[in-house]
2 protein chains.
Amino acid sequence: MSEKKVTIKDVAREAGVSIATVSRYLNNSYSSMSEETKIRIQDVIQRLNYHPNIMAQALKGQSRTIAVVVVNMSYPFCVSVIRSISEVLDEAGYSLLVCETGENAEKELTLIRSLVARGVDGIILQTNGQNNDLLQELAETMPIVLVDRHFDITGVKNVITNNEEASYQLTEALFKEGYRRIFFISEELNGLSTRTQRYAGYQQACAKRGVEPAVCWMERRKTDTCQAVLNLLKQESGEQPFAVYTANGLLMMELYPLLQGLSLRVPEQMGVATFDEPDWANITQPRMTCVRQPTHEIGQLAANTVLERLRGDIKPHLQPSVQMIPSVLVLAPATERTAK
Amino acid sequence: MSEKKVTIKDVAREAGVSIATVSRYLNNSYSSMSEETKIRIQDVIQRLNYHPNIMAQALKGQSRTIAVVVVNMSYPFCVSVIRSISEVLDEAGYSLLVCETGENAEKELTLIRSLVARGVDGIILQTNGQNNDLLQELAETMPIVLVDRHFDITGVKNVITNNEEASYQLTEALFKEGYRRIFFISEELNGLSTRTQRYAGYQQACAKRGVEPAVCWMERRKTDTCQAVLNLLKQESGEQPFAVYTANGLLMMELYPLLQGLSLRVPEQMGVATFDEPDWANITQPRMTCVRQPTHEIGQLAANTVLERLRGDIKPHLQPSVQMIPSVLVLAPATERTAK
DNA sequence: GTGAAAGCGCTAACAA
DNA sequence: TTGTTAGCGCTTTCAC
């Protein structure tokens, strides 16, 4: 039933050529080679249903495997990026290794090392920026692409969104809707570009309006920090209507149930907005104002960047190191608020 | 800066032994080998910071890579299972290849073939059951574990939850809460055990109560089928209170906004329940009644099953082929309804 | 345009 | 207990 594995040898024998010729066909069929043998080999490969042994190829340098390293593969942002990377790679005949660091720098280091040992052809990662030296070194040998969090590393490309600008726009949109004060809820910045820039965008919008920023640092999975946010809101929310703007969707998921507990009318008394567009955005009543990150495009671009460098189409150091794809501000339709 | 790659040869030379001995140390350090050489090799490995070349090992049969094949890697169920598989494998020094089939049997076939060509040591998959012959064949050579969807294939293990029982319990719970009629919303069964069994559980509960089942088939991403559900509800929901029970969380995510449009009081006039526990379950007011699948445990068990077979701890055909991990019925606390 | 042959780094007989 | 050796399937000089 199951044919014994057919190797390049079998193909060579059947086609009456040497394995070297078959190998050449496999790698650069376009180059010098008589049409006849080309066709002959092609036929045999089909007839024998031959597939090159990837491990053997890998041993010689090309594993046709890319790795993606993220903080947590269950975060909606990561899920979506990983998925579109997978699509692009699958199309190109590459496989995708998925790993997560849990925001742990040492884990990230170990992981990267082991991936290199595995001979992956390239790495796409959402890094916490503690292993930039290693990455720079690796970038000389293989394509390294950073997503989400920007870091300036020689030879390393970044694929990110316009966090600052989008955050500014969201904040400004909330002001336009009439909210007097906007509470910005974020995790500790920790030198991460995403957080820093969203924060900066928020501050700018406040500054422009001459409104005092109101920032609250929250830590996910810590109910006390979440409760602290609530307390701040209760204390300082004298001047209604005010809005609550979380720096990412995961924060909002934790905070939202508590906000409901405030028994304020949304959106009249309290506005609710978040960076990210949670999949449950359609569940809340009314729909939340949010920032849709181009996760699909980010993944695609990251994957294609890796593939291009692998094909040698691109000289590593000549290209700009940052590719920015803008996010989209998704406003809750004003009609919906009054209609429903 | 970056040391040239150190191989088993270097270790052998430095330690004054043959590469075979080093290889033995690497693979079965426990077996016969003098303490002295063991220590010597150990030292050299540390000093040289040697890591076996995995591609070379792979060529000889052990890639230390497992693949997980799911329908869609962005489905919450899949995400969670994949993540816990990843944790277990990472711990064991294995890497995880992630792929998706998009519910396409041909794609699945191609994928499995390519994974085998890549030399993965084992495969965990959520299959649509169209390639069972191939799987049975493969199971003779490598560990194959099915998750979520059960199929009886010689040599293949299943890790699933008690879909029928859990569905029965959920339905029964709804009846107990006083709903006179329960509308079951599902995708086409298509021979998938998950759907079939949830359906069966629902039917049993209805039969026991002597209530006529009310089933509606819906297709995701098709608004017309979703609308059809709504129409059914409007027509047949004369006898309130009634409940709506979707066979999975994704269906509910699409349906929920429309249900809100009915302007019925929840839970007094309409009950809302779903298989799966969506991450937004805490967002709805009141909390939805749902079935929490043990995704974490399913992933863990699947991964461990593969690892065990790889270690040879287990004879493939002697073990029972189905491991069932029960789901948990999560009732919306009655207090919450009245209190808030 | 094609073939012969030398490895890539490792494992596993088979010897010793 | 350890060493010698023959590959695994492929790529890649270097000849012809």
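Atom set for the values below is all heavy atoms of this structure, side chains included, hydrogens, waters and symmetry mates excluded. Protein chains get the first letters and strands the later ones, always in sequence-line order, with residue 1 at the start of each.
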Whole-Å distance between D:dT1 P and B:Ile41 CD1? 13 Å
Think B:Thr37 has a side-chain N or O under 4.0 angstrom from the OP1 or OP2 of D:dT1? no
Would you mind building the protein contact string for nucleotides 8-16 of chain D? One character per nucleotide, 5' to 3', B for base within reach (heavy atoms under 4.0 Å), S for sugar-phosphate only, - for untouched. BBBBBB---
If you look at every heavy atom in B:Thr65 and B:Tyr94, which pair is closest and at what distance? N-CD2, 3.8 Å
Given atom CZ of A:Arg13 and atom P of C:dG3, what is their separation to the nearest angstrom? 14 Å
I need the B:Glu103 CD to B:Thr127 OG1 distance, nearest 0.5 Å. 9.0 Å
A:Ser86 and B:Glu100: side chain donor to acceptor below 3.5 Å: no
Cationic N near anionic O, under 4.0 Å, B:Glu308 to B:Arg311: no
Between B:Val156 and B:Leu135, which heavy-atom pair has the shortest distance, and what is it? CG2-O, 4.1 Å
